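Just so we're clear, the structure is a prediction, and the values are computed from it rather than from any experiment. Proteins come first, then strands; the chains are lettered A, B, ... in the order of their sequence lines, and each starts at number 1.
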Protein chains: 2
Amino acid sequence: MTGGPGPPTLEQVAALAGVSRATVSRVVNGSPKVSPAVRAQVERAVAKLGYVPNRAARSLVTRRADSVALVVSEPHARFFSEPFFAGMVRGVSAALAETGVQLLLLIAQDLPDRGWLERYVVGGHVDGVLLASLHGDDPLPGTLERAGVPAVLIGRPVDQAAPGSYVDADNRGGAGKAVGHLARRGRRRIATITGSLDMGVGQDRLEGYRDGLAAAGLAGAGELVETGDFTEEGGAAAMGRLLERPGDPVDAVFAASDLMAAGALRALRAAGRRVPEEVAVVGFEDSAVARYAQPPLTTVRQPIEEMGRQATRLLLAQVAGEAGGMHLILDTELVVRASA
Amino acid sequence: MTGGPGPPTLEQVAALAGVSRATVSRVVNGSPKVSPAVRAQVERAVAKLGYVPNRAARSLVTRRADSVALVVSEPHARFFSEPFFAGMVRGVSAALAETGVQLLLLIAQDLPDRGWLERYVVGGHVDGVLLASLHGDDPLPGTLERAGVPAVLIGRPVDQAAPGSYVDADNRGGAGKAVGHLARRGRRRIATITGSLDMGVGQDRLEGYRDGLAAAGLAGAGELVETGDFTEEGGAAAMGRLLERPGDPVDAVFAASDLMAAGALRALRAAGRRVPEEVAVVGFEDSAVARYAQPPLTTVRQPIEEMGRQATRLLLAQVAGEAGGMHLILDTELVVRASA
DNA sequence: TTGAAAGCGGTACCAA
DNA sequence: TTGGTACCGCTTTCAA
């Protein structure tokens, strides 16, 4: 390129266009107070030099970081497993791409220490924070709230009354649909394998299960609850306990995640139970696991990419000064496959 | 905290510690030329104020961005499917966490335009670039090379002679192992479903297949090759074509990805062929799909997280001035399950 | 070993 | 509408 070493600067563009730095800055930032002739002149210089503004310099003066952090609180991200994470990142990235805002990925597990994370995000080094797969009593949302840092949770917090915005799937409604589907197929002994109950998502899916039973007039079966932890192992173990229960055998299981449903499938196979003939199984998420399970899993699809996208929109709006405290619940969809 | 509005600055730390900004800077950056007493004094002030250096200001003067970009070239990332992507990001993130370097995620598909990407990464806005799942004739590696921007590819480029560093799995060796395993199990009509042949990974796995046949004295079966594209659909279609071939039926298939193997499984089921009795199937990657397929897939595990980690190490070394042109090939491992 | 001061590349206020 | 200029927070000579 033209000019000295390193990338071109505003100064160089100004020199080439024969105007001042201030004018180039206005053009670059789309200020209306520039005559068309000068604007064209400057734009030509920008193009010729391949000028891209220096973010560091700009951030320094505007005091905006032009970046948002996506904090993934391991180890719970693991429970949601990979497709969840990848889809979310894709949604966030897509929403951000339209703006000039960068995505800073912070995987809590990998960080030097928790204190650093807190100081970093409240220290004005990012404009806002996206928090995913939060553990029940995580203090970070509160810290951010107090520090006045815009934040949006992906997945509702355990504390219903907590301030702050979140985006979530309609976990309760989705779970209800799943159970309703099982009931309509004539199942009467419908069990559930719950997720971690210290997460909003785990609680909501359990509530939805109960809603579904009640709607079908099956509320009496409320005992058929086993606690899982969103992992495949946990799902298999819970299914094992369900099979050992005395009394009439279970004829259907709603697992609060596809991974747990896959575990249940394994346990059922080991016990010689046929799916769906003897026991119908429904999962939640519609991840790859559901499609490749044998039999393929009937499941509740959550629009994870869209959740990432909407959370980002909400966050950017807050950064721009709009009010927080929004709760956005996205619809789920029952995907019927062979397992139920 | 103490002090004025906004996060604490060097100036404030200096005032509190009763020293100059220069001294605080030295302490923060670990310069040896500071007396222990002063150092302790400053460290106390830093802790008290919760001081975190302002990256923008630092970048501006050091001319380092303290960030690296991970460029994922869609749509091919899709073929590698989600687990690949998630694992890689995790590895990169883990390696970066130890240093102070940030990860900037650029999903090419989402970007405003290709020109922007090029200008951005060569414009000194990142210290280095990680390039993943590259399409055959992508000009980006060459552009980076010419601009002197450190870069490391994850997955070798099609052009063997291209300059630059890369990290890859031993695709050829892994494919060879897979075919060797099939041969040892007595299979004689071993077919392969290839990946996209405009990617290094697709080519290498095909070569490995041929190596394996040759080693087993089965080279004559070299005709049993169908081209796929790393997708499940592609795998199913290729398997269909294999089944329609005249002559002795195929008794084993090596698919160059788990996703394609899953597609093959589907096609075989549709055709009423039993796996592994009539046709054995082996995949590549050891993703979740392999574990949940029915029957579970024998596959070749590639250490994707480790690939991300090593690529990052290589990149940081280059940023620090070490030579490029490294080729790091990580070992693969055969994971035997029920499908073969 | 420490401090003073000159920028790094932008933005935005104030004048012209 | 345009230009001059004072910072933004930090690093890094250069002197003391």
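A sub-4.0 Å separation between OP1 or OP2 of D:dG3 and a side-chain N or O of A:Thr23 is present. One finds a side-chain N or O of A:Ser35 lying less than 4.0 angstrom from the OP1 or OP2 phosphate oxygen of D:dT2.
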Table of protein N/O atoms under 3.5 Å from nucleotides 11-13 of chain C N/O atoms:
from	atom 1	to	atom 2	distance (Å)
C:dT11	OP1	A:Asn29	ND2	3.3
C:dT11	OP1	A:Arg58	NE	2.6
C:dT11	OP1	A:Arg58	NH2	3.2
C:dT11	OP2	A:Ser25	OG	2.7
C:dT11	OP2	A:Asn29	ND2	3.2
C:dT11	O4	A:Arg21	NH2	3.3

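A donor-acceptor pair under 3.5 Å is absent between the side-chain atoms of A:Asn29 and the main chain of A:Ser31, judged by distance alone. Judged by distance alone, the side chain of B:Ser25 and the main-chain N or O of B:Arg21 form no donor-acceptor pair under 3.5 Å.
Comparing the helix axis at one end of the helix from C:dT1-D:dA16 to C:dA16-D:dT1 with that at the other, each defined from 5 consecutive pairs, gives an inter-axis angle of 40° (nearest 10°).
Residues that satisfy the side chain to side chain donor-acceptor pair (under 3.5 Å) test with B:Arg156, not counting sequence neighbours, are B:Gln203, B:Asp204. By the ring pair (Phe, Tyr, Trp, His ring centres under 6.0 Å) test, B:Tyr166 pairs with B:His327, sequence neighbours left out. Qualifying side-chain contact (heavy atoms from CB on, under 4.5 Å) partners for A:Ala65, counting only residues two or more places apart in sequence or in other chains: A:Ser67, A:Asp127. By the side-chain contact (heavy atoms from CB on, under 4.5 Å) test, A:Arg44 pairs with A:Ala40, A:Gln41, sequence neighbours left out.
With rounding to the nearest 0.5 Å, the separation of CG in B:Leu328 from CZ in B:Arg313 is 10.5 Å.
Nearer to the 5' terminus of DNA chain D, by closest-nucleotide assignment, is the contact made by A:Pro36 (compared with the other of A:Pro36 and B:Ala56).
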